[in-house]
Amino acid sequence: MHLHSLTFQAVGPFPGRHTVDLAELGAGGIFLLEGPTGSGKSTLIDMIVFALYGKVASKEASEDRLRSGHAGPDVETFVDLVLETSSGVYRVRRTPAYQRPKQRGTGTTTQQAGVRLWRLASADAPDTGELLSARLDEAGAELQHLLGLDREQFVQTVVLPQGEFASFLRAKPEDRRGLLQKVFGTEVYEQVQVRLERMRQDARREVDEAQARVRQATAAFCGAAGLDEEGADDLTALAARDLD
């Protein structure tokens, strides 16, 4: 997966509208997200995870934290992400649920969460594309299918928010193995290992059966040849040595 651009408004400590060119930042292969406490580093991570999954990175945190307390009451909160996977380029725009002034009368009302998911012809043309879904459940399922990871797997292996990677390391070995197999596509190696183990067991069984037949044939030969006990023991030992 490649992230091309992130546009957001009225999120966390950012009351205005901003766009981050993630493609340019990632052109060198790696970049550092740095700043003092409270500058919005975790919010940027939350915005990416929210755009993809409708939830923030930390499972203990609520999506309520996305709405900027510095934004005007009529300013919409949204996150807009353009990403590319092996199946194409996509754009997802999400709005969290938050309180806004009523259009009529006084007081506030809840602005419901929303989503729109497009397939784009190019990352350079985010305003044109095919609308795939405007339903939360449908868009969420499609994005998870495109990414191949659910939210928990994504935050444990891709964005690694504070504390989440530690929980991954403390997970049961079988849970970590299953996740890493899914992320890195190592299922084929496990399948090869299982197949080789089955072949080893089959070969061992065939050898054991062959050895049993040789021992039976040796005993029958000794009896038919009228060998004494010492001669029979020598022949049996010789046959066993050749088998080994």
Side-chain angles (χ1 to χ4, degrees), residues 1-12 14 16-31 33 40 42-59 63 66-68 75-98 111-161 164 178-188:
M1 179 188 70
H2 300 283
L3 302 179
H4 286 280
S5 66
L6 175 68
T7 300
F8 54 92
Q9 178 176 274
V11 177
F14 309 104
R17 181 188 180 105
H18 306 273
T19 297
V20 181
D21 190 338
L22 296 171
E24 182 178 357
L25 285 174
I30 189 173
F31 58 89
L33 185 61
S42 296
T43 302
L44 287 172
I45 293 175
D46 280 338
M47 283 189 284
I48 293 173
V49 178
F50 174 73
L52 296 174
Y53 295 99
K55 294 183 178 295
V56 296
S58 176
K59 59 184 178 182
E63 286 63 58
L66 287 173
R67 174 65 177 174
S68 175
V75 178
E76 180 188 25
T77 292
F78 72 85
V79 177
D80 199 311
L81 179 68
V82 176
L83 66 147
E84 183 173 358
T85 71
S86 59
S87 61
V89 182
Y90 299 87
R91 174 189 172 197
V92 56
R93 187 183 192 277
R94 284 192 190 266
T95 57
Y98 62 92
Q111 174 66 48
Q112 298 298 326
V115 65
R116 293 175 73 84
L117 174 64
W118 296 268
R119 182 198 297 271
L120 306 180
S122 168
D124 297 327
D127 295 329
T128 60
E130 174 192 2
L131 180 63
L132 298 180
S133 178
R135 290 174 45 187
L136 292 171
D137 56 346
E138 188 176 67
E142 179 66 20
L143 282 165
Q144 183 168 320
H145 173 72
L146 293 172
L147 298 173
L149 299 170
D150 60 27
R151 191 204 66 83
E152 183 177 0
Q153 293 168 338
F154 185 82
V155 299
Q156 287 181 338
T157 58
V158 179
V159 298
L160 305 180
E164 295 291 338
L179 173 57
L180 293 175
Q181 285 175 349
K182 191 169 185 179
V183 173
F184 298 108
T186 59
E187 297 92 339
V188 62

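Predicted, not measured: the structure shown is a model, and the values here were computed from it. Quick note: numbers below take in every heavy atom, side chains included, and nothing from hydrogens, waters or symmetry partners.
Shortest non-hydrogen contact noted between Phe154 and Val49 is CE2-CG2, 4.1 Å. Residues Ser133 and Arg135 share a closest heavy-atom pair of OG-N, 3.1 Å. Taking all atoms of both residues into account, the shortest heavy-atom contact from Arg67 to Thr77 is NH1-OG1, 2.6 Å.
Atom CD of residue Glu138 and atom CG of residue Leu143 lie 11.0 Å apart, to the nearest 0.5 angstrom. Summarising the geometry, atom CG belonging to Leu22 is positioned 10.0 Å from atom NE2 belonging to His4; distances are rounded to the nearest 0.5 Å. Note that CE of Met1 is 8.5 Å distant from CG of Leu149, once rounded to the nearest 0.5 Å. To the nearest 0.5 Å, the span separating CG on Leu3 from CD on Glu84 amounts to 10.5 Å.
In terms of modelled atom types and a separation under 3.5 Å, the side chain of Thr85 and the main chain of Leu147 share no donor-acceptor contact. Here the side chain of Ser68 pairs no donor or acceptor atom with the backbone of Val11 at under 3.5 angstrom.
Taking the ring axis of Tyr53 as reference, the NZ or CZ atom of Arg151 does not stay both within 45° of it and closer than 6.0 Å to the ring centre.
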Working note: Leu81 + Phe50, criterion side-chain contact (heavy atoms from CB on, under 4.5 Å); need CA distance, chi angles, decisive distance, verdict. CA-CA 10 Å; Leu81 179 68; Phe50 174 73; over 6 Å; no
Any chance you could lay out the side-chain contact (heavy atoms from CB on, under 4.5 Å) test for Asp80 and Gln9, step after step, and finish with the verdict? CA-CA 9 Å; Asp80 199 311; Gln9 178 176 274; over 6 Å; no
Does the pair Phe78 and Arg17 meet the rule for a side-chain contact (heavy atoms from CB on, under 4.5 Å), with working shown? CA-CA 9 Å; Phe78 72 85; Arg17 181 188 180 105; 3.3 Å; yes
For Arg94 and Leu136, run side-chain contact (heavy atoms from CB on, under 4.5 Å): C-alpha distance rounded to whole Å, both residues' side-chain angles, the deciding distance at 0.1 Å, then the answer. CA-CA 9 Å; Arg94 284 192 190 266; Leu136 292 171; 4.0 Å; yes
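Partners of Thr7 according to the side-chain hydrogen bond (donor to acceptor under 3.5 Å, both in side chains) rule, which considers only residues two or more places apart in sequence or in another chain, are Thr19. Contacts of Thr43 classified as side-chain hydrogen bond (donor to acceptor under 3.5 Å, both in side chains), with partners at least two apart in sequence or in another chain: none.
Residue His2 places its NE2 atom among 12 or fewer non-hydrogen atoms of other residues, nucleotides or ligands, all under 6.0 Å distant. Within 6.0 Å of CD in Glu24 there are 12 or fewer heavy atoms belonging to other residues, nucleotides or ligands.
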Using residues 112-126 as the side-chain source, report each donor-acceptor pair under 3.5 Å to any protein atom, sequence neighbours left out, with the distance given to one decimal.
from: Arg119; atom 1: NH1; to: Ser87; atom 2: O; distance (Å): 3.4
from: Arg119; atom 1: NH1; to: Tyr90; atom 2: OH; distance (Å): 2.9
from: Ser122; atom 1: OG; to: Asp124; atom 2: N; distance (Å): 3.1

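With a 4.5 Å cut-off on side-chain heavy atoms, Phe8 and Leu44 count as touching.
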